[in-house]
Amino acid sequence: MTEKNSVDFVRQIILDDSESGKHQGRVQTRFPPEPNGYLHIGHAKSICLNFGIAQEFGGKCNLRFDDTNPEKEETEYVDSIMEDVRWLGFEWEGEALFASNYFDQLYQWAVQLIKEGKAYVCELPAEEVSQFRGRWNEPGKNSPFRDRSVDENLELFEKMRSGGFKDGEATLRAKIDMSAKNMYLRDPTLYRVRHAHHHRTGDKWCIYPTYDYTHGQSDSIEKVTHSVCTLEFENHRPLYDWCLDAIGIFHPQQIEFARLNLTHTVMSKRKLLQLVESGLVDSWDDPRMPTISGFRRKGYTPESIRSFCAKIGITKTNSLTEIGLLEQSIREHLNTIAPRRFGILNPIKVVIENYAEGESEERDAINNPQDPDAGTRKIKFGREIYIDREDFMEDPPKKFFRLAPGREVRLRYAYFLTCNEVIKNDAGEVIELRCTYDPATAGGKSPDGRKVKATIHWLNADDAVDAEVRLYEHLLSFENPGDMEEGPDWLKSINPNSRTVLNNAKVEPSLASASVGESFQFERMGYFAVDMDSTAEKLVFNRTVTLKDDWAKTKKMK
RNA sequence: UGACCCAUGGUGUAAUGGUAACACAGCGGAUUUUGAUUCCGUCAUUCUAGGUUCGAGUCCUAGUGGGUCAACCA
């Protein structure tokens, strides 16, 4: 690996600030999720950035839940988010923080703004607020409540706080400029009335601050130096700055970067929620989901996700990253650490006619060619074995090198095998192959220098263990998620083959004791991880990712 | 229709006014008891037009294309 001496633009800003002595060289960031859903791979990008910066600059990074909307937020999400951040390999300093911790302070600052004539209570209904806001090319109109006296505002704000208004009857608004080019500066809402139970503060409040009024002040309270967020908040920055300056407190710098988009993947939390609620996926951690917990369950490692995040970089350019880059990242990691095993996804029985009935032997197999320390294991070999249906063709095309009638292949670590006869059922399906082996080729070596074009994996029939194997494909049929239909019909874009369950798979006996989450390479088939549905009676594997497969490519071209 | 932001191979990024590079993908080959891994080779890039400069991917202006914004969501 070559040392990369360039840094992304966010780190460049921080580097410049450090060198110029801004904040006395102190660096502090935060990761601010709203607890209204599970974290996804896009959040991983932000987590790696924020926590990564803190590590690199000897600063700290807070985990702060942006929990200002009680109707959507739940403790379940808080718990899953903390678990996912830790699983990714990051730890925040001290307790996890909540914007709701600052509700009292935020309220006091709101009172201060009222006293200074910078905020007022508006009783316009939401619809009219919107109309009064104007359009992009035409200025808005002042609210009729804009010029209330400080005392009246104070009184009404207290009435909001104490439950004197119903939901939607009043808001506290900043008094800025109804003709500002930036819509967020046209007297934005600071507080709204919501008689709702909050997951942390319970029923203490019936007014809740908005994101724009909360985020910057929370950053300020925590003494965050660099508040990194995604591009869609770019237009909010003038308001972020206005609030801090109007109140007159420590002023962090907001910096925006482009969020992650992946091919064949939906990333919006709203859509992911719909997938869960519609039952199109089983849960937030369904291995088809682009959530951190989904990838974890599918067999991704934290290292692979961090390495992916390092590769995609940080910019302000809207981009669409190929999901293949993520898949390659997990292959790279698993290749170095995953023990090799034999697994047969779709078995065909093979009877080796010249192998003595009732006899068996053990063959040595290498556990991981990338890691000599991983050693070897024994695999039982006998007269009846299974091979994968994909490794046999009765009428093979030109470039198919595997087993076919009259053809010889190598059984990996065992013997050369020749197919003599194909047995079919009434439906014409191949159900068994009658073969012979060459005893002189023990270990798969031919003393006469004879070559075979393919080596296939196999499993001894009488002690192979049954398993369920779940194969996954892209969740979304569309490559570009932007191309799919708007509205509820977008659910039709879900790939109907996103999951295939194989009930008849066979694996090595040693796998019976594998524990949930363990990863293996089933040789020639891909990487597989033990699913949490696995029991002593029934092993369940998720395919994490296929191996790169040139044969699959040429097959497709044909 | 206004404001703000963005624009480098197919994709993602680097080049900090001085030889346009890296990764992934693709293609070809070598090695291989995994059609994997590894290795080698190869294809292909500065949106357009002006300007500043000895010199522009980089700075300026305009255009074009894309994104965001008219929630009491974040």
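Each chain gets a letter, A, B and so on, in the order the sequences are listed, and its residues count up from 1.
Here A:Glu322 lies in heavy-atom contact (under 4.0 Å) with a base. A:Lys399 comes within 4.0 angstrom of a base, heavy atoms only. Counting non-hydrogen atoms under 4.0 angstrom, A:Tyr208 reaches nothing in the nucleic acid. Contacts of A:Tyr527 with the nucleic acid, taken as non-hydrogen atoms under 4.0 Å apart, are absent. No contact: A:Ile456 has no heavy atom under 4.0 Å from any strand. Residue contacts shown for A:Ser319 are limited to sugar-phosphate atoms, with no base heavy atom under 4.0 Å away. Residue-level contact check: A:His215 touches neither bases nor backbone, having no heavy atom under 4.0 Å from any strand. Residue contacts shown for A:Gln521 include a base, since a base heavy atom lies under 4.0 Å away. When heavy atoms are screened at a 4.0 angstrom cut-off, A:Lys269 is found touching no nucleic acid atom at all. Residue A:Asn137 is in base contact, counting any heavy-atom pair closer than 4.0 Å across all strands shown.
Under 4.0 angstrom from either OP1 or OP2 of B:G26 there lies at least one side-chain N or O belonging to A:Lys553. Taking only side-chain nitrogens and oxygens, A:Arg133 comes nearer than 4.0 Å to OP1 or OP2 of B:C72. Proximity of A:Gln12 to the phosphate of B:U16: no side-chain N or O atom is located under 4.0 Å from OP1 or OP2. The phosphate of B:C73 (OP1 or OP2) has a side-chain N or O of A:Arg194 nearer than 4.0 angstrom. Contact between the side-chain N/O atoms of A:Ser6 and the OP1/OP2 oxygens of B:U13 is not found at any separation under 4.0 Å. A sub-4.0 Å separation between OP1 or OP2 of B:C73 and a side-chain N or O of A:Arg192 is present. Contact between the side-chain N/O atoms of A:Lys181 and the OP1/OP2 oxygens of B:C69 is not found at any separation under 4.0 Å. The side chain of A:Thr315 places no N or O atom within less than 4.0 Å of a non-bridging phosphate oxygen (OP1 or OP2) of B:C6.
RNA chain B lies under 4.0 Å from at least one heavy atom of each of the following residues of residues 31-44 of chain A: A:Glu34.
When each of A:Arg402, A:Glu523, A:Arg410, A:Arg412 is checked for a side-chain hydrogen bond (donor to acceptor under 3.5 Å, both in side chains) with A:Thr455, only A:Arg410 meets the rule. Shown are A:Phe528, A:Tyr527, A:Phe342; of these, the ring-ring contact (aromatic ring centres under 6.0 Å, His included) with A:Phe522 is made only by A:Phe528.
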*asked:* A:Thr210 vs A:Asp212, test: side chain to side chain donor-acceptor pair (under 3.5 Å). Steps then yes/no.
replied: CA-CA 5 Å; A:Thr210 57; A:Asp212 284 308; 5.5 Å; no
*Applying side chain to side chain donor-acceptor pair (under 3.5 Å), run through A:Ser307 and A:Ser304 and close with a yes or a no.*
CA-CA 5 Å; A:Ser307 136; A:Ser304 68; over 6 Å; no
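Nucleotides B:C73 and B:G12, compared at atom P, are 34 Å apart to the nearest Å. B:A25 and B:U37 have their P atoms separated by 9 Å, with the value rounded to a whole Å. Comparing the P positions of B:U58 and B:G51 gives a spacing of 14 Å, expressed to the nearest Å. Taking atom P on both nucleotides, B:G35 is separated from B:G18 by 49 Å, rounded to a whole Å. Using atom C1' as the reference point in both B:C39 and B:A49, the two lie 46 Å apart (nearest Å). The gap from the P atom of B:A20 to that of B:G57 amounts to 9 Å, rounded to the nearest Å. If you take atom P in B:C60 and the same atom in B:G17, they sit 12 Å apart, rounded to whole Å. Rounded to a whole angstrom, the distance from the P atom of B:C40 to that of B:C5 is 44 Å.
The base of B:U34 is paired with the side chain of A:Arg340 by a donor and an acceptor separated by under 3.5 Å. With hydrogens and angles ignored, no donor-acceptor pair closer than 3.5 Å exists between the side chain of A:Asn335 and the base of B:U37. Judged by distance alone with a 3.5 Å cut-off, no donor-acceptor contact links the side chain of A:Arg524 to the base of B:A36. With hydrogens and angles ignored, no donor-acceptor pair under 3.5 angstrom links the side chain of A:Glu138 to the base of B:U1.
The distance from the CD atom of A:Gln12 to the CZ atom of A:Phe9 is 11.0 Å, given to the nearest 0.5 Å. Distance check: A:Arg146 CZ to A:Arg173 CZ gives 8.5 Å after rounding to the nearest 0.5 Å.
The interatomic distance linking A:Leu325 (CG) with B:G9 (P) rounds to 17 Å, in whole Å. Taking atom CG of A:Leu239 as the reference point, atom P of B:C72 lies 12 Å away to the nearest angstrom. Straight-line distance from the CD atom of A:Glu327 to the C1' atom of B:A36: 15 Å, rounded to whole Å. To the nearest angstrom, C1' of B:C6 lies 15 Å from CZ of A:Phe257. A:Glu169 has its CD atom 16 Å from the P atom of B:C72, to the nearest Å. Whole-Å rounding puts the A:Asp549 CG to B:G26 C1' distance at 16 Å. Going from atom CD of A:Glu256 over to atom C1' of B:C69 covers 13 Å, rounded to whole Å. Summarising the geometry, the separation between CZ on A:Arg259 and P on B:A74 is reported as 15 Å, rounded to the nearest angstrom.
For A:Glu138, the CD atom is densely surrounded, since the number of other residues' heavy atoms within 6.0 Å is greater than 12. The environment of CD in A:Gln370 is crowded: more than 12 heavy-atom neighbours from other residues, nucleotides or ligands sit within 6.0 Å. Atom CZ of A:Arg450 sits in a crowded spot, with more than 12 heavy atoms from other residues, nucleotides or ligands closer than 6.0 Å.
The partner of B:U68 is B:A3, judged by Watson-Crick or G-U wobble contacts that both fall below 3.5 Å.
Shown here, B:A62 is classed anti by the O4'-C1'-N9-C4 or O4'-C1'-N1-C2 angle, which is more than 90° from 0.
Partners of A:Glu158 by salt bridge (charged side-chain N to carboxylate O under 4.0 Å, His left out), not counting sequence neighbours, listed by chain and number: A:Arg161. Every residue meeting the salt bridge (charged side-chain N to carboxylate O under 4.0 Å, His left out) condition with A:Glu234, not counting sequence neighbours, appears here in chain and number order: A:Lys316.
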